[in-house]
Structure formats: C-alpha cells, structure tokens
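Comments concern the structure below.
We use all heavy atoms of the structure for the numbers below, so side chains are in, but hydrogens, waters and symmetry mates are not. Proteins get letters first, then strands, A, B, ... in listed order; numbering begins at 1 in each.
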Amino acid sequence: AQKITQTQPGMFVQEKEAVTLDCTYDTSDQSYGLFWYKQPSSGEMIFLIYQGSYDEQNATEGRYSLNFQKARKSANLVISASQLGDSAMYFCAMREGLGGYQKVTFGTGTKLQVIP
Amino acid sequence: DVKVTQSSRYLVKRTGEKVFLECVQDMDHENMFWYRQDPGLGLRLIYFSYDVKMKEKGDIPEGYSVSREKKERFSLILESASTNQTSMYLCASSFGPRDSTEAFFGQGTRLTVV
C-alpha cells in the first residue's frame, strides 16, 4: 500500500495567488515526521518544511505552511503569493522510526506551474 | 554546508554488468538512503542504512544490494544490470538523533543500461 499519496500530478496557479498541494499518508507509528521538498528543473532537492506528529501547531516557513490534520492523515502544503520561481515538482515525504532508525518514503509528486 | 556527493552524474552500462554507485557524505550522518526517481512514480526507496554495516530493504530492493563499510560512504550495487534499471538514482543522508532533521540529497546519477 502506498504510504504517501499525492493525488494531483499537475497543477496550475496564477502568480500572486495561493495554492494548496495535497498529501495524505498512512502509518501505524505514533511518532513520525512529514516533510515537503521542492525539485526545480535543475534536479536538486530542496527542503521546504517539516511537521512532527506531536507538533500541535501547523508548521510555517516564510510563504510555506503545512496544513496538518492528524485525524485525516493529511499534510497539505500551502504556498501563499505564488511566484514564477515556485514552478517545480513538489514531493511530500514521511519519516517513520525513532532516533537513529529512520525510514523516509516519498510520494509521486505534484508538478506546479505558476502562470504570469 | 552538508555535502552529499555521488560519484557520477551520468553513467552508461551494458546489460549484465555489475554496477557500483557511490555516495559519500561529509557531515557524520547516521542515516543514508538510496532512491530511484522515475517520471510519474516519484522517489522510491531502494535501501537505507542507519549505521555502519546496518542496512534495511526499502520498497523496491529487488535487483539491488548495498554496502556501508564506513559511516560516510553508502554504495548501491546492481548485481547484473538490466534495462528496467535505467533511471535517476538519488542518494540522501540525515542526522540520526534528531527526528526533525531533513534529508540532504546528492546531485543524482542518471544511469542508462543498454
């Protein structure tokens, strides 16, 4: 079974608008972490934001925020005020395991295109 | 800055060859990972390691093996390369004791098996 599900293969957003990229996850662990990465056409993987399963508040990093709904097992990325440079692939990832033992799995990604 | 270095950016190998992909990190990270990235399939975990000589199968280990003899180096081995192993391979590492730490990625190796 897929551990991380991203149901939007591609999305368009108008420049300066906000956009939400969906991510749902499946785990039986009580302690886990959720990450979002950006992969521009250059291919590098850029870490954006992290949410721990015990964090009560949604994580925010600049224009990025993570809408964490634990009961629904969803961890959607919200990008506010989209910029042309936000056009990229976006991957949701989950870390399972504690301390030294960490297994990190990724979703299939969402390709975001920002329209001027 | 954390640096994760993969030995080759591009590699072309013949079917049946034994292929080694090398990954080195310079930040004393406990965890290291190998993924393959294919269009529409995202990043799929092949193997991971949480300590020297410790390894665990990921989601698609068939046809691959790994070696971690030193903490900084994690090698992916294709015992007998096949055309369906043509892909982009990404290595990553992360700091073990802190659960919130992100994984740092290498630049990737694009492997073509002919």
Original post:
What closest approach, in Å, do A:Q102 and B:S94 show between heavy atoms, and which atom pair accounts for it?
Top reply: OE1-OG, 3.1 Å
Subject >> Atom pair CD (B:E56) and NZ (A:K103), whose distance is rounded to the nearest 0.5 Å >> reply: 8.5 Å
Original post:
If you group Ile, Leu, Val, Met, Phe, Trp and Tyr by side-chain heavy-atom gaps below 4.5 Å, do B:Y89 and B:M32 land in one group?
Top reply: yes
**OP:** Sort A:Y37 into side chain, backbone, both or neither according to what part of it lies under 4.5 angstrom from a heavy atom of chain B.
**Re:** side chain
Original post:
Are A:F47 and B:F104 near enough that their ring centres are under 6.0 Å apart?
Top reply: no
Subject >> A:M45 side chain reached by B:V4 side chain, heavy atoms, under 4.5 Å >> reply: no
**OP:** Treating Ile, Leu, Val, Met, Phe, Trp and Tyr as nodes and any side-chain heavy-atom pair under 4.5 angstrom as an edge, say whether B:F95 and A:Y32 lie in one connected cluster.
**Re:** no
Original post:
Are B:F105 and B:M88 connected in the hydrophobic side-chain network, where two residues link if heavy atoms are under 4.5 Å apart?
Top reply: yes
**OP:** Would you indicate whether A:K111, at its atom NZ, is surrounded by more than 12 heavy atoms from other residues, nucleotides or ligands within a distance under 6.0 Å?
**Re:** no
**OP:** Name the region of A:Q51, side chain, backbone, both or neither, that has any atom closer than 4.5 Å to a heavy atom of chain B.
**Re:** neither
Original post:
Taking a hydrophobic cluster as the set of Ile, Leu, Val, Met, Phe, Trp and Tyr residues connected by side-chain heavy atoms closer than 4.5 Å, whether directly or through intermediates, do B:L21 and B:Y64 fall within one such cluster?
Top reply: yes
**OP:** Look up atom CG in B:D59 and atom CZ in A:F106, then write down how far apart they are to the nearest 0.5 Å.
**Re:** 12.0 Å
Original post:
Quick one: does A:V104's side chain get under 4.5 Å of B:F33's, heavy atoms only?
Top reply: yes
Original post:
So which part of B:D51 gets closer than 4.5 Å to some heavy atom of chain A, the side chain, the backbone, both or neither?
Top reply: neither
Original post:
Of all heavy-atom pairs between B:E102 and A:F35, which one has the smallest distance, and what is that distance?
Top reply: CA-CE2, 3.6 Å
**OP:** Assess whether atom NZ of A:K70 is packed by more than 12 heavy atoms of other residues, nucleotides or ligands within 6.0 Å.
**Re:** yes
Subject >> Contacts with chain A made by residues 34-45 of chain B (heavy-atom distance under 4.5 Å), listed by residue number >> reply: B:Y35, B:Q37, B:G40, B:L41, B:G42, B:L43, B:L45
Original post:
Are A:V114 and A:W36 connected in the hydrophobic side-chain network, where two residues link if heavy atoms are under 4.5 Å apart?
Top reply: yes
